[in-house]
Participant: 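Sending over a structure as structure tokens; questions will come in a sec.
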Amino acid sequence: MAHDTSSDSDNEVIGTRTKLFGHEKPMHEVLGGGKVADMLLWRDRNVSAAVLAGMTVIWFLFEIVEYNFVSLICHISITTMLILFIWSTVADILKWKGPQIPDIILQESFFHDLASILHTRFNQLLPMALHISCGIDLPVFLLIIVSLYVLSVIGSYFSFVNLLYIGFLCMQTLPIAYERYKEEVNNRVSDIIIVLRKNYRRFNKNYLNKIPRGPVKEKKTR
């Protein structure tokens, strides 16, 4: 009986499951494991809710009210200065404690964590982008091309501010959703990758391998 190698390879692929962020790697560690990871995973709900509310207000002012950036900064500065002036004047008259600006509004570690995450992810994406662009894994290469094209089409229907806000909403919802439903997401992604690889293997067998190729010239050895 003839041995079906294609079915064996399919069974081999089906037996391996894909994990999006490595083998048993916690989502908190993937995001850097610091203040930024706590904010994105809603470990501190007050901070996460405050950041979400602030970004929503900024999006509303720029996209709905259609504020200009310079005008918005100037109006905020004018309003803040007027409030501080009135507060300081009333405090002097009534012998109250005047306005005081806190020494630290945002902790320095927050910016260090954010810069560290961006630096690490950028250094990881560069070799990955080079590997994919070389066409070593053709199904992934084609999938990235199609995804970027779909993203470009979607982006033509949204403004830059809307895209930034949608990206921020994804950052605050997708990590915590993946952390809660990790097994289900990994299984779905694995099924999609298996189907893509099987279709590519079938396409390669039926079409690509039938393309005539010229003889390979052997290197002359002295």
Side-chain angles (χ1 to χ4, degrees), residues 17-65 67 69 72-73 75-77 79-80 83-84 97 99-132 140 143-144 147-148 150-151 154-155 158-193:
R17 310 302 294 180
T18 301
K19 292 183 180 297
L20 290 181
F21 301 103
H23 182 64
E24 296 181 356
K25 197 171 185 180
M27 195 64 194
H28 191 267
E29 183 180 346
V30 173
L31 296 175
K35 299 290 184 181
V36 177
D38 292 339
M39 187 267 293
L40 294 178
L41 294 175
W42 291 77
R43 300 290 174 86
D44 191 339
R45 295 184 180 274
N46 293 331
V47 174
S48 301
V51 173
L52 178 60
M55 292 299 297
T56 302
V57 170
I58 293 174
W59 170 81
F60 179 81
L61 291 175
F62 282 118
E63 192 64 25
I64 306 301
V65 184
Y67 249 114
F69 179 76
L72 178 62
I73 295 299
H75 291 168
I76 292 176
S77 300
T79 304
T80 304
I83 293 174
L84 292 176
K97 189 176 182 180
Q100 294 181 351
I101 299 177
D103 295 333
I104 298 177
I105 298 177
L106 288 179
Q107 294 183 356
E108 187 178 359
S109 60
F110 178 84
F111 296 99
H112 287 169
D113 292 339
L114 182 60
S116 177
I117 291 174
L118 294 178
H119 178 265
T120 303
R121 293 295 171 262
F122 184 76
N123 287 336
Q124 290 176 349
L125 285 176
L126 278 181
M128 188 183 303
L130 179 61
H131 177 80
I132 294 174
V140 177
L143 180 62
I144 295 297
S147 301
L148 290 176
V150 172
L151 183 61
I154 295 175
F158 295 92
S159 65
F160 182 68
V161 176
N162 277 333
L163 284 178
L164 286 180
Y165 185 65
I166 292 173
F168 175 78
L169 290 180
C170 292
M171 288 175 58
Q172 278 212 309
T173 55
L174 295 182
I176 188 172
Y178 176 76
E179 188 179 44
R180 292 184 177 181
Y181 306 102
K182 179 166 58 177
E183 293 299 328
E184 291 82 353
V185 173
N186 285 335
N187 290 336
R188 294 294 182 183
V189 172
S190 297
D191 293 338
I192 294 174
I193 293 178

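In this chain, residues are counted from 1 in sequence order. For clarity, every value in this text was computed on a predicted model and none was experimentally measured.
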Participant: Go through the steps to decide whether Leu169 and Leu52 satisfy the test side-chain contact (heavy atoms from CB on, under 4.5 Å), and finish with yes or no.
Facilitator: CA-CA 8 Å; Leu169 290 180; Leu52 178 60; 3.6 Å; yes
Participant: To the nearest 0.5 Å, what is the distance between CD1 (Ile76) and CG (Leu61)?
Facilitator: 7.0 Å
Participant: Could you tell me if the side chain of Trp59 sits less than 4.5 Å from the side chain of Ile64, heavy atoms only?
Facilitator: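 A side-chain contact exists here, since the closest heavy-atom pair is under 4.5 Å.
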Participant: Find the distance between CD (Glu63) and CD1 (Ile58) and round it off to the nearest 0.5 Å.
Facilitator: 13.5 Å
Participant: Distance from Thr173 atom OG1 to Phe168 atom CZ, nearest 0.5 Å?
Facilitator: 10.0 Å
Participant: To the nearest 0.5 Å, how far apart are NE2 in His75 and OG1 in Thr80?
Facilitator: 12.5 Å
Participant: Any idea which heavy atoms bring Ile176 and Leu40 closest together, and the distance?
Facilitator: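 Taking every non-hydrogen atom into account, CB-O, 4.5 Å.
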Participant: Mind checking salt bridge (charged side-chain N to carboxylate O under 4.0 Å, His left out) for Arg180 and listing every partner two or more places apart, or none if nothing turns up?
Facilitator: none
Participant: Sequence neighbours left out, what passes ring-ring contact (aromatic ring centres under 6.0 Å, His included) with Trp42? Give chain and number order.
Facilitator: none
Participant: Table please: side-chain donor-acceptor pairs of residues 44-51 below 3.5 Å, with sequence neighbours left out.
Facilitator:
| unit_1 | atom_1 | unit_2 | atom_2 | d |
| --- | --- | --- | --- | --- |
| Asp44 | OD1 | Asn46 | N | 3.4 |
| Ser48 | OG | Met39 | O | 2.6 |
| Ser48 | OG | Asp44 | O | 3.2 |

Participant: Work out which heavy atom in Pro175 is nearest to a heavy atom in Cys170; give both atom names and the distance.
Facilitator: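 That closest heavy-atom pairing would be CD-O, 3.4 Å.
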Participant: Apply salt bridge (Lys or Arg N to Asp or Glu O under 4.0 Å) to Arg188 and Glu183, showing your working.
Facilitator: CA-CA 9 Å; Arg188 294 294 182 183; Glu183 293 299 328; over 6 Å; no
Participant: For a quick test of reading the model, state the closest non-hydrogen atom pair linking Phe62 to Tyr67 and the distance between them.
Facilitator: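 Heavy-atom minimum between the residues: CD2-O, 3.3 Å.
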